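Worksheet: the structure to be examined is printed underneath.
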Amino acid sequence: MHPFRSHTCGELRAGHAGRKSRLSGWVFRKRDHGSLLFIDLRDHYGITQVVVQPDRDFFETCRGLRPESVITVTGLVEPRSADTVNPSLPTGEVELLAEQLAVESAADPLPLYLAGDDPGPEDLRLKYRYLDLRREEMQRKIALRADVVASLRRRMTAHGFREFQTPILTCSSPEGARDYLVPSRVHPGKFYALPQAPQLFKQLLMIGGMDRYFQVAPCFRDEDARADRSPGEFYQLDIEMSFVTQEDVFAVVEDVIAGVFREFSDWTVDETPFRRIPYREAMVKYGTDKPDLRIPIEMADVTEMFRGSGFNAFRSVVEKSGAVRAIPVRGIADRPRSFFDRMVEFAVERGAGGLAYLVWSGGGVKGPLAKFLSEADRSGLAARCGVGDGDVIFFVADAPARAAAIGGDVRVRLARDLDLFEKKAFRFGWVVDFPMFEFDETLGRIAFSHNPFSMPQGGMAALESGDPLGVTAFQYDIVCNGVELSSGAIRNHSPEIMLKAFEIAGYSRGEVEERFGFMLSAFRHGAPPHGGIAPGIDRIVMLLAGETNIREVIAFPMNQRAQDLMMNAPSTVSERQLRELHLKLDLIRDSGREGM
RNA sequence: GGGGGCGUAGCUCAAUUGGUUAGAGUCCCAGAUUGUCGAUCUGGUUGUUGCGGGUUCGAGUCCCGUCGCUCCCGCCA
């Protein structure tokens, strides 16, 4: 017999009765009856009840075992009598009658209690992650992650893609997030950077003729965390394809993503092709470029209807080239005044000047705005927004970007308060036609709004049109339930168009040649038209696991301040290491916090 | 960098307008217990109320500062 186990703790059934079996696992719970002891023995696969009788020489040893000690038990599989069967356990028809027992590893008292529902405080869970991971829910989520990654690989391979590795030690990129830097020992004063994404490498693989690339790729960005954004590092399903249009990329990704979501969830998943939403339309209807399409509210632009209206507050906003956005909600006319007050308060908190509303009720129109509007205005708004008796329209008036953002927040808040989210559904959409450039208020000039390597729609002619802010790119996002899963683009493979695009964003030819000379050179030696995308794997697993916190689907996540509480990273290093790397510390703040 | 929330026993939480020696459950420890399955019963230990300062006759409670965790804004091509 194997020294540790003949079966797993989730395996034994009534059919095994009478067989000799050996199990290894953790002591999950103990029930000590003085002259009879029950141990729930747990491993990755399940729980089996072990019975220890008082005449065994290891009986006292067992009584002293603390939870989470690891033991190996050998004995007979016994069928349980009808009144002692445990129907809530898959192995509940049998138990293991212990004949031999070995303590593999005795456990100290635990900082976390694993046999209950409460996972405990997150910093303790992270510090003792190896304990936290033993909980059934964590076993399930981390296993789900592994299965999702395996499925993604299988599906990409089936589409004719190969997985290529790209460097982890590379060089800093000028645009984008802050880099993680790695000092060079051999080249004093020079640094490697960890890749924010394998962006340039995957394009170079296309230029290298590899045709279809994917990679489960680690990405490193030194930016602050959010609930859905892990600090430091995360994983993308990085994809790039040669000789493709935007639609070719969509077709592959839709098939892979829809397939994975159907494989790992019984929720409704959109049929492919997913809906396509132009960026400008998304900003008007949803106030965001990552709309939650489970919410049955679509905003409308009603700016023109207020241009000549009697409502001065809105008219003056419109005259200052602002926008008025209407948020129609059906069937809530009978909500109490406090509901509307709460929404107004919320909008003001988000920076709105106010939140107006009209209530269609009892054949009339009520609300603070009603007396300023003519009968024609009201019926015009009703027709525009498709509302009738019993419905309500909220209004936000502000500069267009602000009106969109606040309206979008109000839309989500309404859905939350009114429980309007479609249940058990993953709703996908492609947001397309992103603007190539935007006006950067802080820099006071035009900047790339997304990826500088995207192909502008209309090519060189569009860039030379003299209206850079009107140029859209072959740049797209895929969103699911309000989560941005990924950005992608058809790349700009023409050096001249690229130089022109960088020129508009304020980079001279010389700067671009210096920074991206290797890319320009590559483009000058035969570059296939190509494009790709990079769905976030952590976020996919998060959605499939029904989690809102990304740390729940990462085995060893860092906390919000980018620390690994278990390993104590980041940590100080020795003087010798610093010397070898030609580094001298210049700590402005007292470093007493370090070292812990 | 900024804002919100939280911080009381290993863990989850109480503690009247500021009022006696800061409690309960759980964990842990000891004892009892032959059919439990979140076993049960009896007893017991566990505290710089995050830290520092202030107000007060008196502070877990009020004020100031600070630290930690978390959520959000900035940031995230």
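Just so you know, these numbers come straight off a predicted model, no measurement behind them. All values below were derived from every heavy atom in this structure, side-chain atoms included, with hydrogens, water molecules and symmetry-related copies excluded. Chain A is the first sequence line, chain B the second, and so forth, proteins listed ahead of strands; every chain is numbered from 1.
- Between A:F518 and A:L200 the shortest heavy-atom distance is CZ-CD1, 3.6 Å.
- For B:rU26 and B:rC69, the P atoms lie 31 Å apart once the distance is rounded to whole Å.
- One finds a side-chain N or O of A:R561 lying less than 4.0 angstrom from the OP1 or OP2 phosphate oxygen of B:rG68.
- Contacts between residues 487-503 of chain A and RNA chain B, defined by a heavy-atom separation below 4.0 Å, involve no residue at all.
- Proximity note for A:Q560 (side chain, C-beta onward) versus B:rC71, B:rU34, B:rG35: the nearest is B:rC71.
- Nucleotides B:rG23 and B:rG47 are separated by 13 Å at their P atoms, to the nearest Å.
- Counting distance only, with no hydrogens placed and no angle test, the side-chain atoms of A:R229 and the base atoms of B:rC76 include a donor-acceptor pair under 3.5 Å.
- Note on A:D83: nothing from the nucleic acid sits closer than 4.0 angstrom, heavy atoms only.
- No contact: A:D409 has no heavy atom under 4.0 Å from any strand.
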Using distance only, find each side-chain donor-acceptor pair of residues 105-120 of chain A under 3.5 Å and give its atom names and separation, not counting sequence neighbours.
| from | atom 1 | to | atom 2 | distance (Å) |
| --- | --- | --- | --- | --- |
| A:D118 | OD1 | A:G120 | N | 2.9 |

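- The ring-ring contact (aromatic ring centres under 6.0 Å, His included) contacts involving residues 38-94 of chain A comprise A:H33-A:F38, where partners must be two or more places apart or lie in separate chains.
- The minimum heavy-atom distance linking A:F234 with A:Q196 is given by the pair CZ-O, 4.5 Å.
- Taking 3.5 Å as the limit, the base of B:rC37 and the side chain of A:N86 contain a donor-acceptor pair of atoms between them.
- Nearer the 5' end of RNA chain B, as judged by each residue's closest nucleotide, is the contact made by A:S88, out of A:M558 and A:S88.
- Crowding of A:M460 atom CE: a count of heavy atoms from other residues, nucleotides or ligands under 6.0 Å exceeding 12.
- Taking only distance into account, the side chain of A:R80 meets the base of B:rU36 through a donor-acceptor pair shorter than 3.5 Å.
- With 3.5 Å as the limit, one finds a donor-acceptor pair spanning the side chains of A:D433 and A:Q457.
- Counting only Watson-Crick or G-U wobble pairs whose defining distances are both under 3.5 Å, the stems of 3 or more consecutive pairs in RNA chain B are B:1-7 with B:67-73, B:10-13 with B:23-26, B:28-32 with B:40-44, B:50-54 with B:62-66.
- Under a 3.5 Å cut-off, the side chain of A:Y476 and the backbone N or O of A:A489 do form a donor-acceptor pair.
- Residue-level contact check: A:Q199 touches the bases, meaning some heavy atom is under 4.0 Å from a base atom.
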Per-nucleotide protein contact along nucleotides 5-12 of chain B, 5' to 3', at a 4.0 Å heavy-atom cut-off (B base, S sugar-phosphate only, - neither), is -----SSS

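- In this structure, A:E122 reaches the sugar-phosphate backbone alone: every heavy-atom distance under 4.0 Å involves primed, P, OP1 or OP2 atoms, never a base.
- A donor N or O paired with an acceptor N or O is not found under 3.5 Å between the base of B:rG68 and the side-chain atoms of A:D123.
- Using atom P as the reference point in both B:rG50 and B:rG7, the two lie 8 Å apart (nearest Å).
- Between the side chain of A:Q139 and the backbone N or O of A:L133, at least one donor-acceptor pair lies under 3.5 Å.
- Judged by centroid separation below 5.5 Å and plane tilt below 30°, A:H33 does not stack onto the base of B:rG35.
- In this model, the phosphate group of B:rC73 is approached by a side-chain N or O of A:R226 to a distance below 4.0 Å at OP1 or OP2.
- With sequence neighbours left out, A:E233 forms a side-chain contact (heavy atoms from CB on, under 4.5 Å) with A:F220.
- Judged by distance alone with a 3.5 Å cut-off, no donor-acceptor contact links the side chain of A:Q53 to the base of B:rU34.
- Of the candidate nucleotides B:rC37, B:rU36, B:rC28, B:rU36 has the atom lying nearest to any side-chain atom of A:E95.
- On the C1' atoms, B:rA24 is 31 Å away from B:rG35, given to the nearest whole Å.
- Of all nucleotides listed (B:rU34, B:rC28, B:rC69), B:rC28 comes nearest to the side chain of A:P67.
- Judged by distance alone with a 3.5 Å cut-off, no donor-acceptor contact links the side chain of A:R125 to the base of B:rC69.
- Across the P atoms, B:rG53 and B:rU46 are found 26 Å apart, a figure rounded to whole Å.
- Comparing B:rC69, B:rU36, B:rC72 by their closest approach to the side chain of A:A227 singles out B:rC72.
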